[in-house]
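Take a look at the structure set out below.
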Amino acid sequence: MSKEKIVLLDGNSLAYRAFFALPLLTNDSGIHTNAIYGFTMMLQNILNEEKPTHMLVAWDAGKTTFRHSTFGEYKGGRQKTPPELSEQFPYMRKLLDAFQITQYELDQYEADDIIGTLSKAGDAKGVEVVVISGDKDLTQLASEHTTVCITRKGITDLEVYTPAHVMEKYGITPIQIIDMKGLMGDASDNIPGVPGVGEKTALKLLKEYGSVEKVYESLDLISGKKLKENLTLNEDQAFMSKKLATIEVEAPVTITIDDLQYKGPDEETVKSLYEELKFKTLLEKMSSADEVDVPVEKIDVRIEQDTESLHLADAMAFHIEMYDENYLASDITGISMTDGESIIYIPIEQVKQSAKLKEWFGNTNTKKYTTDSKAAYAALMRYGIEVNNFDFDLLLATYIASPSSSYTDVASVAKEFGYSAIESDETIYGKGAKKKLPEERILADHAGRKAQAVWKLKPIMEKKLRENEQFELYHELEMPLAKILGKMESTGVKTDLGILQQIGLELSTRLAELESIIYEMAGQTFNINSPKQLGEILFEKIGLTPIKKTKTGYSTAADVLEKLESEHEIISFILTYRQLGKLNSTYIEGLSKEIHSDGKIHTRFQQALTQTGRLSSINPNLQNIPIRLEEGRKIRAAFVPSEPGWIMYAADYSQIELRVLAHMSQDEKMIAAFRDDEDIHTKTAMDVFGVDKDSVSSDMRRTAKAVNFGIVYGISDYGLSQSLNITRKEAQKFIDTYLATFPGVKQYMEDIVADAKLKGYVVTMMNRRRYLPEITSSNFNLRSFAERTAMNTPIQGTAADIIKKAMIDMDARLKAEKMEAKMLLQVHDELIFEAPEHEIAMLNKIVPEVMEAALELDVPLKVESAYGLSWYETK
DNA sequence: CGTGTCACG
DNA sequence: ACGTACGTGACACGG
C-alpha cells in the first residue's frame, strides 16, 4: 500500500472560480453548465495529478458563521451569488457523489475551517495533505506536510504554496499570512484591517516585528507619523481583523480522515451525468483516458500462417480488424478468433487463401459471435466469403440493452460491461494525421482482445436482454436485419453521373445569375452563404426588421426570411439562391463524389444509433434525397436500375405513425377512421371543426394535418403555433378541441407520461426501450422535452419496428419466390427495390401484401407503391 | 470543431 | 414563468 495522501478541496471557492473563469455556457437543454464544467475539469486534473488516497470537498454552510458574531459586516457588501451559478451547485454535488468523493459542511463554519481542521489532523498524523482553493487565505495552512494550491488564471493552472514558496514570495512564514491580513485587511471578505496599510507596509512591518501583537508592543519604534497614527487609532480593528482571517483548526467536525477514503468514481453514474449535461469531450476522454490506467493483462494470440491445419470450433467469437471504419471500402487487415480457450489471429493474406476458413464462415451449423455482424458480413463479402448463422452481435446487443450509450468501439462497450482489457482503436492506430497501421503483433493482440471480449460478453449481454424481455427483439429482429442491410449496402444503388452533372450545370448557371442580382440589390458583393455577412447586409445595411436572433447574431433562417419577403425584393432571390445552393453542394457535388467505380452509391445504414429504433444513413445519406420541391425532386432521376431492362419499385406505408397511434391509444374514432379508409386529415378536420366532409376547406385540412403531426411529436402549443404561424393561444385551442374530440388519444398521452415517470423508460410494441431519466427533472425544459419524447418514441419506434419486420419478411419472400428483385433502400416508411421488368406484377402483389402483414394492429396497415425507370418516376 | 441552415421521414 | 415541436446527416462558415 502506497503512502496516504489527503486532498482537501474548497468547493465554494472552486465553483466561483470556475464560474467566472468560463463564459456563461448553456447546454442545449437550457441549463448553465460553465461552473459545472470548469469544476469537473479541475477535479479530473486534480485526480490525475495528485492521485489521492483520501479526498474531501468542503462547502460553506448557510449564511451566518461564527465570524459574523465577531464582526457583523463580515463578508458584507458581497454580491449575491448569481442565480446562474446557484442552479449549478446541485449538479456539482451530484457529480461528486458519482465520483464517490466525501462532501462535508458544518453549521456556522466555512469550508476553510473544515479544511483547516482536517489538514491539522493530517499534519499531526504526518500524512501528506494537499489543500486546493481559489482563496489565497488558505496559504496560512502550508506546513511541512501540507501544501496549498491556489488556482491561478484559468481553471487548471495551480500555484503551489509550500512554506518555502510563501517565504520566497512574501518573505514571511505561512502563519504570518494571518497577521498580514490583520494589518492590511481583505476587501473581498470585507475585513477592514488598518487604513492606509497595504500589502507592502504590512509585509515590511511583519518582517521587522513578526506579528500584529509584536507590532503593537513596539509602536514607539515605528517610523512614519501617519502610519503610527493609523495603527494607534485602529488597534482593536487590527486584532479583530486578524481574528477574522484566522482559519479555525479546531472546528467541531464530526468526520475523521478515515472517512475520506477515495476509491474512485462510479463510472456508470459519472457517464450518465456527463450525458445528461452533454459534456461530449469529457465523455470521450473518459473512455480513452481511463484505459491508459487499466493494467492490460497478457494475452496469448497465435498468429496463424498455415490455416489448413487449423481447428475451428462449432461456435466461435471473431472480429474483423480493419484500418478504416468504412467496411464497404476499407481493407481487412486480419481476423481474430476464439473458442473461449485459445485465441488466434489470421492475417488477411492467409484469409484469402484459406478454403477451410471460407467453409467455416459459410457453414450454416457453426455459430458466429462478433462485434458488428453487418460490417463483418459486408466486408467478407468483398473477399468472396459469405457468412451464415450469426448468433451474437455485440453492437446490436448493446444498442438494444442501452440505446443511449453511443458505441464508439468495442473497447468502450467492453469496459462498460466490466471487461476492460482492450485499448481504444485510437490508442492503437493513433488519430488524425498520425494515424497509421501498427506492426502485426500489436494488431493481433488488439484484435484478439476484441474477439475475447465478444466471447466473454455474450452470456452477460444475453442475460440482460432476457431479463428485460428484449431477447426476441434483438435476436429475431435486429440480428436478421443486420445481414439484410449488409446485403443492401453491398448491392448499392446505380447512379447516373451524367444526369447529376446536367442538373449541376443548370444549377450553376442559375446560381450565377441569382448571385449577380443579389449583389446588385445589396449594392456590394458578399458571401451569401455566410449567415453573418448576410445578416449584416439585410438587417444593418438594408435595414430590414430582425425577427429572430441566434446566439451569434441575426437569424436568417428560411422561416424568418419568408416573413420579410414583402419588405424587400432581395429576399425571394436569397431564398432561391439558398435552395439551389443546397441542391448543388449537398446533392450534386456531394453525391457525385460518392459514386464508386462500379457506378453505384453504397450508403451505410447505422443500425445502432437512433434513440427511437429508426435506421440512419451515412456516407452518403440516401434518406434525405429531395422530394418536396420539384427542382430537388429531379435529383431522384439520377438513381436508376443497375441492369438494362430493370425498373425501380417503391412502396411506402400510408400514415403509419397515426395508425400506430390509433392502435396504441385505442381511440375509437381514430380506429374507425382508418378502418373505413378515410383521409385521416380530412376526417380530423371534420371532427375538430364539427363540419361535414364537403365543408372541409383546404385550410382546415392543412390545420388538421399540422395538429396530427403535433400529436405524433408530443404536442405543445408553441410548436403548433410555429408550424401554423398562429398565436399560441389559437394553437392551444386547436389542441384542446382535438383532445376533446379524441379522448382515447388524450388518455394515452397522459398514461404514457405517467408510466414513463414511474418506470423511467417507455417501450415500443416490440419492447424496444428508451430511458428518460429527465422526465422527473425539476428543470422545466428537460422535463418537458422528456415528456414529449415519451409520447413520440413509442409511436415512431413502433413504426420503425414494423418496417424492420417487413424487411425481414420481404427478404424471405423474395427468396421463396426465387425472384431477382433486390431491396436497395429503406427510408423510414418506404422500401425501394430494383427488379427485372417481368417481375413487376409479382412485386405489385407481394410487396404490399408482406408490408401490410408485417404486424397485426387493430387498424389496417396500408401500402402504396409505384415503379418507373428511375427513383424519380416511382411516384 | 461548434453553429446555422436545410434536406428527408 | 419557463421556451420547444419528434428523429436524423451534410454542408459552409469562421474562430
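In what follows, chains carry the letters A, B, and so on, assigned in the order in which the sequence lines appear, proteins first and then strands, with residues in each chain numbered from 1.
Between A:Y577 atom OH and B:dT5 atom C1' there is a gap of 14 Å when expressed in whole angstrom units. Per the geometry, CD1 belonging to A:I547 stands 17 Å off P belonging to B:dG4, to the nearest Å. In this structure, A:Q606 atom CD and B:dG9 atom C1' are separated by 17 Å, rounded to whole Å. The NE2-P distance, from A:H828 to C:dC6, rounds to 16 Å in whole Å.
In summary, of the residues considered (A:Q606, A:Q607, A:E489), a side chain to side chain donor-acceptor pair (under 3.5 Å) with A:K374 occurs for A:E489 alone.
Judged by the 6.0 Å and 45° rule, A:R728 forms no cation-pi pair with A:Y718. At least one cation-pi condition fails for A:R788 and A:Y713: the charged atom is not both under 6.0 angstrom from the six-membered ring centre and inside a 45 degree cone around its axis.
Note on A:R628: every side-chain N or O is 4.0 Å or more away from OP1 and OP2 of B:dA7. In this structure, A:S555 reaches the B:dT5 phosphate: one of its side-chain N or O atoms is under 4.0 Å from OP1 or OP2. The side chain of A:N527 places an N or O atom within less than 4.0 Å of a non-bridging phosphate oxygen (OP1 or OP2) of C:dC13.
Ion pairing between A:R510 and A:E631 holds under the 4.0 Å rule for side-chain N and carboxylate O.
Looking at heavy-atom distances under 4.0 Å, A:D652 makes no contact with the nucleic acid at all.
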